[in-house]
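What follows is a set of notes on a single structure, which appears directly below.
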2 protein chains.
Amino acid sequence: MTNPLDPVFSALADPTRRAILTMLLEDDMAVTDVAEPFAMSLAAISKHLAVLADAGLIVREKRGRVIWCKLEPDAMRGPSVWMQGFGQFEPVDLDAFERFIEAEGIGADFSKENRGPDLD
Amino acid sequence: MTNPLDPVFSALADPTRRAILTMLLEDDMAVTDVAEPFAMSLAAISKHLAVLADAGLIVREKRGRVIWCKLEPDAMRGPSVWMQGFGQFEPVDLDAFERFIEAEGIGADFSKENRGPDLD
DNA sequence: CGCATATTCAACCAACTGGTTGACGATGCC
DNA sequence: GGCATCGTCAACCAGTTGGTTGAATATGCG
């Protein structure tokens with residue numbers, strides 16, 4: 001796993017982690033706040049954040065007793081360039097991006113709120 | 001794993017699979033020829049190709065007794081757009097792409113040829 | 001100090017991954 | 001027909017992943 005593209009692509013392969021990144025697009029967040037919308041333990045989220053940090057996609061900075069998570073989009077540059085080399089995709093279609101965020105955003109399967117009884 | 005970005009990102013997380021994709025950038029290839037430069041069994045490569053096909057990144061077409069693998073770069077469009085939304089990276093830096101191919105290309109750790117004794 | 005909050009650590013578990021080998025089915029060729 | 005080649009399948013294995021819970025650490029606050 002010596003290749004620099006590996007950790008980024010595998011970090012991005014998990015929908016929970018992608019959701020976290022889109023949350024951080026809004027603003028820096030404390031670990032507890034990152035965890036809040038998800039239906040899993042704080043420890044699990046903590047591990048996800050470690051994966052993202054190892055990939056360089058976020059940095060965690062301790063201030064007082066809370067750890068702030070900050071998006072580090074530069075880590076995506078390499079993988080992004082790599083992919084663009086294949087497809088010659090047109091640059092930065094922000095509308096398309098919005099649709100993706102909408103489609104998979106934190107509101108999707110992951111949040112506690114949307115997990116009522118399956119049948120209604 | 002219902003999200004369409006998942007299979008593509010996880011397919012791309014493996015260096016062997018990325019190497020295969022860059023090989024297919026040159027030209028369509030038969031499974032046996034894809035496997036040739038790698039130091040692993042044909043069955044292993046066959047599985048990698050299945051992962052790539054499931055992600056939509058290649059198609060496999062049987063002609064006679066050989067199965068031809070063809071790159072399907074359109075499958076990268078979604079993930080590429082998703083990533084560009086984060087970084088606002090400048091479009092299609094082909095030089096940078098060349099450097100990546102160079103750096104991780106099939107000549108790297110994966111080929112049989114480059115696997116002499118570790119110390120020299 | 002003593003308690004509450006924020007986060008990680010450690011042990012554990014089930015499921016998935018990436019590889020192996022050997023057998024198998026399908027096709028082409030003499 | 002008989003043999004070689006192409007590729008997948010099935011069973012197996014070790015290591016990794018994504019989650020859990022409970023204890024531990026670190027900081028802030030009255």
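All heavy atoms count here, side chains included; hydrogens, waters and symmetry mates do not. Order of the sequence lines sets the chain letters (A, B, ...), proteins ahead of strands, with each chain counted from 1. Predicted, not measured: the structure shown is a model, and the values here were computed from it.
Atoms CH2 (Trp68(A)) and C1' (dA6(C)) sit 12 Å apart, rounded to a whole Å. We find that CD of Glu36(B) is positioned 15 Å from P of dT5(D), with the value rounded to whole Å. In this structure, CG of Asp14(B) is placed 15 Å from C1' of dT17(D), rounded to the nearest angstrom. Rounded to whole angstrom, the span from the CZ atom of Arg18(A) across to the P atom of dG18(D) amounts to 12 Å. Across the protein-nucleic acid pair, Arg17(A) atom CZ and dG19(D) atom P stand 8 Å apart, rounded to whole Å. In this structure, the CE atom of Met29(A) is 11 Å from the P atom of dT7(C), given to the nearest Å. Whole-Å rounding puts the Ile20(B) CD1 to dG7(D) P distance at 13 Å.
Below 30°, between 30° and 60°, or above 60°: for Phe9(B) and Phe9(A) the angle between ring planes is between 30° and 60°, a tilted geometry.
Judged purely by atom type and a 3.5 angstrom limit, Arg17(B) uses its side chain to pair as donor or acceptor with the backbone of Ser10(B).
Heavy-atom distances under 4.0 Å link DNA chain C to Ser46(A), Lys47(A) of residues 44-54 of chain A, given in residue order.
Just one residue in the list Ile20(A), Leu24(A), Val34(A) forms a side-chain contact (heavy atoms from CB on, under 4.5 Å) with Ile58(A), and that residue is Leu24(A). Between Leu52(A) and the choices Asp14(A), Leu71(A), Leu57(A), Val59(A), the side-chain contact (heavy atoms from CB on, under 4.5 Å) rule is met once, by Leu57(A).
Distances shorter than 4.0 Å separate none of the side-chain N or O atoms of Ser41(B) from OP1 or OP2 on dG19(C).
In summary, the side chains of Glu36(B) and Thr32(B) do not present any donor paired with an acceptor at a separation below 3.5 Å, with no hydrogens or angles considered.
Across every non-hydrogen atom of Pro7(A) and Asn3(A), the tightest pair is CD-O, 3.3 Å. Counting all heavy atoms, side chain and backbone alike, Val8(B) lies closest to Ala55(B) at CG2-O, 3.7 Å.
Under the salt bridge (charged side-chain N to carboxylate O under 4.0 Å, His left out) criterion, Lys47(A) pairs with no residue at all, not counting sequence neighbours.
If you check every strand for non-hydrogen atoms under 4.0 Å, Ile67(B) touches sugar and phosphate atoms only.
Rounded to the nearest 0.5 angstrom, Trp82(A) CH2 and Arg18(B) CZ are separated by 6.0 Å.
Residue Met40(B) places its side chain closer to dT20(C) than to any other of dT20(C), dG18(D), dT21(D).
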Nucleotide-resolved protein contact map, nucleotides 25-30 of chain D, B/S/- at heavy-atom distance under 4.0 Å: -SBS--

